[in-house]
Amino acid sequence: MSVRVRFAPSPTGYLHVGGLRTALYNYLFARNKGGKMIIRIEDTDRTRFVENAQENLISALQWAGITFDEGPGFGGDYGPYIQSERFDLYSKYAQDLIESGSAYYAFDTAEEIEAMRERQKKAGIAPKYDRATMKNQFTLGEQETQRLIDEGIEKVVRLKVPFNEEIKFKDIIRGDVSVKTKDVDDQILLKSDGFPTYHLANVVDDHLMKISHVIRGEEWLPSTPKHVLLYKSFGWEMPEFAHLPLLLNNNKTKLSKRHGDVAVEDFRQKGYIKEAFVNFVSLLGWNPSGDNEIHSLDYLIEHFNLEKVNKGGAIFDRPKLLWMNSMYLRKQSSEEIYEMLIEDLKSAGIDKPKDYVLEVITLLKERINFANDLVEFADYMWGKPSSFDEKFKAKQWKEGTEELVRPAIELLKTADKWEVDTLHKLIEDYLNEKGVGFGKLMNPLRLMITGKSVGAGMFETMVILGREECLERFDEFFIKMENGEI
RNA sequence: GGUCCCUUCGUCUAGUGGUUAGGACAUCGCCCUUUCACGGCGGUAACACGGGUUCGAGUCCCGUAGGGAUCACCA
């Protein structure tokens with residue numbers, strides 16, 4: 001059987017990182033097996049529909065490098081791939097189920113259902129639709145049921161879950177799972193508005209679209225028995241199931257918004273490199289073995305193996321993601337980082353020649369986590385320092401510092417070429433003669449030029465800034481100091 | 001609470017009966033160094049617990065504990 005998998009999001013908001021991980025594993029599996037990757041939009045709940053959500057979902061997926069073979073806008077022979085456009089299909093299948101005795105009509109109102117649950121709660125039993133006492137096809141009888149249908153009374157279709165049976169299914173990740181039918185609710189299949197619930201639509205579409213493997217989040221595990229029942233009722237061959245472990249907050253609960261960003265779009269906007277992000281997410285719950293953890297998408301595809309996916313949930317460890325990003329950032333060319341940085345630079349009102357920006361990037365890229373860190377981190381490369389690090393000054397600018405610095409600057413002025421080697425030699429000779437260590441002079445110079453305690457090599461920095469600029473900064477520093485501004 | 005699922009360093013994990021239990025992030029120390037990083041070297045740190053099975057168990061089985069998910073006319 002050829003491999004066909006799908007990612008089936010609801011257009012109710014942005015793409016969650018958990019959703020991305022699910023999509024990614026589907027994708028890795030499909031590509032590894034030479035199968036098809038399908039995207040299907042599950043918009044059967046019109047009350048939660050969000051405008052543009054579908055577009056946002058797809059654009060986030062594509063940003064991450066996930067491609068689709070079939071889906072809305074991608075073609076395919078099993079469309080339409082949006083469930084609301086398949087509306088008519090579902091009631092037909094629900095009808096089949098009723099005729100075969102696997103489902104039935106029910107007419108209870110929301111209030112009646114609520115009252116039933118209250119009773120059950122008081123009695124200390126698990127809330128579950130009570131087929132024997134509620135208002136449905138069985139308690140009402142054929143004639144009354146038909147009358148209500150003819151009258152157009154609101155109705156739903158429920159799954160008739162058999163008594164006292166055991167439902168068993170195999171999960172690729174978890175092995176054999178079994179549940180007793182007495183614990184399974186008579187799930188609503190067709191809502192009173194005529195739309196199917198997830199359970200019906202999902203099973204019908206997976207079958208019609210010839211899905212071979214259902215790879216989804218663990219939160220679906222408890223409802224899988226209902227799906228198994230549905231496949232059996234229809235007499236359809238079942239796909240294989242693989243329930244992925246959850247992505248967790250630091251407190252081990254399901255990854256959620258109140259513990260930080262969870263939308264893929266947020267990470268994209270923060271400046272994460274997509275390859276780094278995908279690499280990191282792919283390793284949450286699975287790993288191709290070996291000591292290295294930096295992998296290309298192709299490598300991940302080549303080694304992906306569903307059976308090796310872990311069972312336990314994985315905490316979304318943001319510090320490690322940050323590290324992963326900096327690893328990728330350092331591998332980027334200055335040209336690539338320039339592309340990531342240029343918009344942020346512009347919006348910060350910084351306008352420098354490209355060659356200059358490129359030099360700054362090359363000088364500093366190993367010291368940052370994100371391309372746009374450079375806006376702040378390298379502020380002294382975009383303009384004169386607006387402030388000077390107090391602590392650094394207190395530590396580095398002491399008695400005698402000025403007497404050491406002034407002659408050094410005079411010496412720098414005599415440099416025939418403003419190049420690293422030349423400047424270095426000049427200073428080295430000067431310090432040797434004085435019998436003073438490099439730090440004594442270089443730290444004060446760093447303060448004067450950058451205002452900061454951290455940065456790249458001082459000579460390299462000075463060369464990129466240029467002779468005029470540096471000398472100006474020295475002068476201004478002394479003036480400000482004399483005015484007591486520093 | 002019922003049901004189901006899960007459990008190796010703080011975190012992500014390797015490990016498929018015999019390992020000094022390995023790697024990565026984080027953390028700590030040392031080295032490199034004009035600062036901060038990077039890099040290099042090293043350290044602290046884990047098989048939840050209790051029973052079995054076995055010559056031998058992180059690996060298999062059963063309990064216990066802990067955690068999580070789920071119990072909608074949402075997906």
Side-chain angles (χ1 to χ4, degrees), chain A residues 8-12 42-45 47-48 106 108-110 113-114 117 121 124-129 154-158 171 173-175 177-180 182-185 187-199 201-202 216-225 243 245-246 248 250-254 280 283-294 308 310-324 326 330 364-368 377 389 392 395-396 424 427 431 437-447 450 452-459:
Chain A
S10 290
T12 56
E42 309 218 328
D43 59 345
T44 56
D45 183 356
T47 66
R48 292 210 304 159
D108 317 274
T109 63
I113 294 289
E114 185 52 37
R117 293 207 178 104
K121 224 175 135 186
I125 50 178
K128 185 171 174 260
Y129 185 75
E154 283 209 340
K155 63 179 188 299
V156 299
V157 174
R158 283 182 181 270
D171 186 284
I173 296 169
R174 284 150 216 287
V177 178
S178 96
V179 177
K180 295 180 180 59
K182 69 179 176 61
D183 298 315
V184 179
D185 201 5
Q187 183 61 236
I188 289 183
L189 264 17
L190 212 57
K191 300 182 259 188
S192 58
D193 64 1
F195 272 90
T197 56
Y198 169 88
H199 309 281
N202 195 261
R216 71 212 327 183
E218 187 188 336
E219 67 267 28
W220 291 107
L221 200 52
S223 52
T224 303
H243 287 92
L246 261 18
L248 272 24
N250 288 320
N251 67 356
K252 297 213 179 232
T253 54
K254 196 165 141 186
F280 175 73
L283 261 24
L284 257 22
W286 169 78
N287 133 351
S289 295
D291 288 348
N292 183 20
E293 293 192 338
I294 305 293
K308 278 192 62 186
N310 292 151
K311 297 179 177 79
I315 291 173
F316 190 77
D317 187 31
R318 293 162 198 274
K320 189 159 183 177
L321 170 58
L322 203 61
W323 166 79
M324 187 74 83
S326 63
R330 279 190 293 150
L364 294 169
K365 69 177 177 184
E366 295 200 351
R367 291 153 201 274
I368 53 174
F377 188 77
D389 187 319
F392 190 55
K395 191 177 169 194
Q396 302 296 345
H424 192 279
I427 295 297
L431 290 173
F438 257 80
K440 286 266 191 300
L441 176 63
M442 299 314 290
N443 286 327
L445 290 187
R446 178 180 299 283
L447 177 72
T450 73
K452 293 187 173 183
S453 62
V454 303
M458 248 354 267
F459 296 119

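Because only heavy atoms are used, hydrogens play no part in the values below, and waters and symmetry mates are left out as well, while side chains stay in. Chain letters run A, B, ... following the sequence lines, proteins first and then strands; every chain starts at 1.
- Look at A:Thr224 and you won't find any side-chain N or O under 4.0 angstrom from OP1 or OP2 of B:rC4.
- Taking the P atoms as reference points, B:rG40 lies 32 Å from B:rA48, given to the whole Å.
- Rounded to whole Å, the distance from CG on A:Asp108 to C1' on B:rA72 is 14 Å.
- In this structure, A:Ile315 places its CD1 atom 11 Å from P of B:rU8, rounding to the nearest Å.
- Look at A:Arg117 and you'll find a side-chain N or O under 4.0 angstrom from OP1 or OP2 of B:rA72.
- Nucleic acid contact class of A:Arg318 (heavy atoms, under 4.0 Å, all strands): none.
- Look at A:Lys308 and you won't find any side-chain N or O under 4.0 angstrom from OP1 or OP2 of B:rU13.
- Rounded to whole Å, atom P of B:rA14 lies 15 Å from atom CG of A:Asn292.
- Summarising the geometry, the separation between NZ on A:Lys252 and P on B:rA48 is reported as 12 Å, rounded to the nearest angstrom.
- If you check B:rG42 for Watson-Crick or wobble pairing at under 3.5 angstrom, you find it paired to B:rC28.
- In a base pair of the Watson-Crick type (N1 to N3 plus N6-O4 or O6-N4) or a G-U wobble (N1-O2 and O6-N3), with each distance short of 3.5 Å, B:rU19 is matched with no nucleotide.
- Counting non-hydrogen atoms under 4.0 angstrom, A:Ser10 reaches the backbone sugars and phosphates but no base.
- Counting any heavy atom pair closer than 4.0 Å across all strands shown, A:Lys452 reaches no nucleic acid atom.
- Among the heavy atoms of the strands lying under 4.0 Å from A:Ser289 are primed sugar atoms or P, OP1, OP2 only; no base atom is included.
- Protein atom NE2 of A:His243 is 16 Å distant from nucleotide atom P of B:rA69, rounded to whole Å.
- If you check every strand for non-hydrogen atoms under 4.0 Å, A:Ala456 touches a base.
- Among the protein residues, A:Gly457 comes within range of the nucleic acid bases, having at least one heavy atom under 4.0 Å from a base atom.
- Remark: A:Arg367 is not positioned above the aromatic ring of A:Phe377, lacking an NZ or CZ atom under 6.0 angstrom from the ring centre and at most 45 degrees off the axis.
- For B:rA14, the OP1/OP2 oxygens have a side-chain nitrogen or oxygen of A:Asn310 closer than 4.0 Å.
- The residue A:Glu42 sits close only to the backbone: its heavy atoms come under 4.0 Å of sugar-phosphate atoms, none of a base.
- With a 3.5 Å ceiling on both atom-pair distances, B:rU33 lacks any Watson-Crick or G-U wobble partner.
- If you check every strand for non-hydrogen atoms under 4.0 Å, A:Ser223 touches nothing.
- The base-pairing partner of B:rA69, taking Watson-Crick or G-U wobble contacts with both distances under 3.5 Å, is B:rU3.
- Using a 4.0 Å heavy-atom cutoff across all strands shown, A:Arg48 reaches at least one base atom of the nucleic acid.
- Put simply, the side chain of A:Glu154 does not reach to within 4.5 Å of the side chain of A:Asp193, judged on heavy atoms.
- For B:rU70, one of the phosphate oxygens OP1 or OP2 lies less than 4.0 angstrom from a side-chain nitrogen or oxygen of A:Lys254.
- A straight line from CZ of A:Arg367 to P of B:rG39 spans 12 Å, rounded to a whole angstrom.
- For A:Lys311 and B:rC4, the shortest distance from a side-chain N or O to OP1 or OP2 is not below 4.0 Å.
- When both pairing distances are held under 3.5 Å, B:rU59 makes no Watson-Crick or G-U pair with any nucleotide shown.
- At a threshold of 4.0 angstrom between heavy atoms, the contacts of A:Gly455 include nucleobase atoms, whether or not backbone atoms are also involved.
- Note on A:Leu246: only backbone sugar-phosphate atoms sit closer than 4.0 angstrom, heavy atoms only; bases stay farther off.
- Within the 4.0 angstrom heavy-atom criterion, only backbone atoms of the sugar-phosphate kind lie near A:Ser178; the bases stay farther away.
- For B:rU64, the paired nucleotide is B:rA48, the pair qualifying as Watson-Crick or G-U wobble because both relevant distances are below 3.5 Å.
- The nearest heavy atom of RNA chain B to A:Val177 and to A:Leu248 marks one nucleotide each, and the one closer to the 5' end goes with A:Val177.
- Across all strands, A:Ile188 comes closer than 4.0 Å to base atoms (heavy-atom distances).
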